[in-house]
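Here's the structure, in structure tokens; my notes come after.
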Amino acid sequence: MAPEVLPMRPMTAGELLDAGTALLRRRAWPLLAVAAPLAAAEQLILAGLRERAGLTPPAFLPEFGDLGGWWLVVAAGFGMEAVIVALLGGYAGVAAGSALTGARARLLTRPAAVLAAAVVSGVVSAFAAYFGFVPWLIVYGLIGMATPALTLGRTRHPFRRSARLATRDGLRPALIRLLGYGSWFVVRFALGTGWVAIASQIGWTVGDGVVAWVVPIAWGLANTVAYPALACLDAAMLVETRIRSEGLDIEIGRERARGGDGSAALVDAA
């Protein structure tokens, strides 16, 4: 067990963000190796959608009064990032289990279930974003622990389980997930577009052709780090919420007292 990664106690919001980052550092290479091609594929798809909608870099904002095509691209982006974070969340759940029990992290368990849950997450997130930002906020806050619950706890009803956990303690887990997303969005936006402002300040003029491919690359690189970090936050939050509200730490302690490593206590019958 590595208590410095996932402490066996309730955590503050700041400690949860730190725990997610620590979990990412512990399993950085597998997570980044999966995130990089997925983030690149996302940018390639978005590039085609942006071109059709007539959106131009670096900010890809619409013409005044012409929001239809832009909003469709935004919704598609929300959907694709939900798929990627959910896929990574499946492995983050495995990594969280390894951090708790000291067992060697295995390859992704239940891959078909994780893939299906990721697709559902993406479709629901895209529709929620398209029909308004408030529905997306609700959906994002509720579904994040679905794939970690599949691999860490082997739950049979991942979305129901995630929603129930997310609404405990006055929606605390859902709000922390939104806090994590907002924090990483600021970082992603700065890395994705901030370099253009810096270039202009030092007198370097970037041609439109260069911007058209450099901006997606910058966003892709930023997302390659941000998506695994968000997935690890989901896994850490799953563990912390179960410790806080279900006594998971006590169950793990009891199993270890009987000679086990704590793995059986992770299995979720819900």
Side-chain angles (χ1 to χ4, degrees), residues 6 8 10 16 19-20 23 27 30-31 34 79 81-128 135 138-169 171-174 176-177 227-228 230-256 258 260-270:
L6 291 177
M8 295 281 284
L16 263 172
L23 186 60
R27 297 296 175 188
L31 286 164
V34 174
E81 71 178 19
V83 172
I84 297 171
V85 173
L87 288 173
L88 295 170
Y91 182 77
V94 175
S98 174
L100 286 170
T101 64
R104 183 175 181 179
R106 300 165 293 168
L107 295 175
L108 181 63
T109 58
R110 310 183 72 185
V114 170
L115 177 60
V119 171
V120 171
S121 297
V123 172
V124 172
S125 295
F127 273 98
I138 296 171
V139 167
Y140 187 85
L142 295 180
I143 67 174
M145 290 180 275
T147 52
L150 276 171
T151 55
L152 176 71
R154 304 187 68 82
T155 184
R156 294 171 293 177
H157 307 288
F159 290 104
R160 185 173 69 185
R161 179 61 165 154
S162 178
R164 286 180 174 177
L165 290 171
T167 53
R168 290 179 179 174
D169 296 324
L171 296 173
R172 177 180 179 272
I176 291 176
R177 189 171 198 243
Y227 289 162
L230 291 172
C232 288
L233 173 61
D234 290 339
M237 191 158 52
L238 171 66
V239 171
E240 195 272 349
T241 304
R242 290 185 62 185
I243 288 174
R244 180 182 291 271
S245 62
E246 298 177 354
L248 178 62
D249 53 331
I250 298 173
E251 293 300 320
I252 291 176
R254 286 174 178 171
E255 187 188 343
R256 287 177 177 159
R258 294 191 294 266
D261 64 359
S263 299
L266 301 178
V267 176
D268 188 351

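Predicted model, so just to flag it, every value in this text is computed and none were measured.
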Note to self: To check you understand the geometry: which heavy-atom pair defines the closest contact between Gly93 and Thr151, and what is its length?
What the structure shows: CA-OG1, 3.5 Å
Next item on the list: Evaluate the side-chain proximity of Ser162 to Leu142: yes if any heavy-atom separation is below 4.5 Å, no if none is.
Entry: no
Next item on the list: Please report the C-alpha distance between Tyr91 and Val34 in whole Å, then the side-chain angles of each, then the deciding distance to 0.1 Å, and finally whether the side chain to side chain contact (heavy atoms under 4.5 Å, CB included) criterion is met.
Entry: CA-CA 10 Å; Tyr91 182 77; Val34 174; over 6 Å; no
Check: Please walk me through it: do Leu266 and Arg154 pass side chain to side chain contact (heavy atoms under 4.5 Å, CB included)?
Finding: CA-CA 8 Å; Leu266 301 178; Arg154 304 187 68 82; over 6 Å; no
Give the table of side-chain donor-acceptor pairs shorter than 3.5 Å for residues 81-90, with sequence neighbours excluded, one pair per line with atom names and distance.
residue	atom	partner	partner atom	Å
Glu81	OE1	Arg188	NH2	2.9
Glu81	OE1	Tyr227	OH	3.4
Glu81	OE2	Tyr181	OH	2.5

Notebook entry, point to check: Stepwise, does the side chain to side chain contact (heavy atoms under 4.5 Å, CB included) test hold for Ile143 with Arg177?
Noted result: CA-CA 10 Å; Ile143 67 174; Arg177 189 171 198 243; 4.2 Å; yes
Checklist line | Partners passing side-chain contact (heavy atoms from CB on, under 4.5 Å) against Glu255 (at least two apart in sequence or in another chain) | finding: Arg258, Asp261, Ala264, Ala265
Checklist line | Any Leu150 side-chain heavy atom under 4.5 Å of Pro158 side chain | finding: yes
Margin query: Pair Thr101, Ile252 - check side chain to side chain contact (heavy atoms under 4.5 Å, CB included), show working.
Written below: CA-CA 9 Å; Thr101 64; Ile252 291 176; 5.9 Å; no
Check: With a cut-off of 6.0 Å (strictly less than), are more than 12 heavy atoms of other residues, nucleotides or ligands near CZ of Phe127?
Finding: no
Notebook entry, point to check: In chain order, what residues pass the side-chain contact (heavy atoms from CB on, under 4.5 Å) check against Ala174, with sequence neighbours excluded?
Noted result: Ala166
Check: Considering residues at least two apart in sequence or located in another chain, which fulfil the salt bridge (Lys or Arg N to Asp or Glu O under 4.0 Å) criterion with Arg110?
Finding: none
Check: If you take all heavy atoms of Ser125 and Gly79, which pair is closest and at what distance?
Finding: CB-CA, 4.4 Å
Notebook entry, point to check: Sequence neighbours excluded, which residues qualify as side-chain contact (heavy atoms from CB on, under 4.5 Å) partners of Pro135?
Noted result: Ala128
Next item on the list: Over all heavy atoms of both residues, which pair between Ala235 and Ala92 is shortest? Give the atoms and the distance, please.
Entry: CB-O, 3.5 Å
Next item on the list: Report the residues that fulfil side-chain contact (heavy atoms from CB on, under 4.5 Å) with Ala236, sequence neighbours left out, ordered by chain and then residue number.
Entry: Leu6, Leu16, Ala19
Next item on the list: List for me each residue that meets side-chain hydrogen bond (donor to acceptor under 3.5 Å, both in side chains) alongside Ser245, sequence neighbours excluded, and say none if there are none.
Entry: Arg168
Item checked: Interatomic distance, Leu238 atom CG to Ile243 atom CD1 [nearest 0.5 angstrom] -> 9.5 Å
Checklist line | Interatomic distance, Ile250 atom CD1 to Met8 atom CE [nearest 0.5 angstrom] | finding: 9.5 Å
Going by atom type alone, with no hydrogens or angles, which donor-acceptor pairs under 3.5 Å involve a side-chain atom of residues 111-119 and a protein atom two or more places apart or on another chain?
none

Next item on the list: Look up atom CG in Leu171 and atom CG in Asp169, then write down how far apart they are to the nearest 0.5 Å.
Entry: 9.5 Å
Check: How far apart are the closest heavy atoms of Ala99 and Leu23, and which atoms are they?
Finding: CB-CD1, 4.4 Å
Next item on the list: Taking side-chain hydrogen bond (donor to acceptor under 3.5 Å, both in side chains) as the test, write out the residues that go with Arg242, two or more places apart.
Entry: Glu246
Notebook entry, point to check: If you take all heavy atoms of Met145 and Asp234, which pair is closest and at what distance?
Noted result: CG-O, 3.7 Å
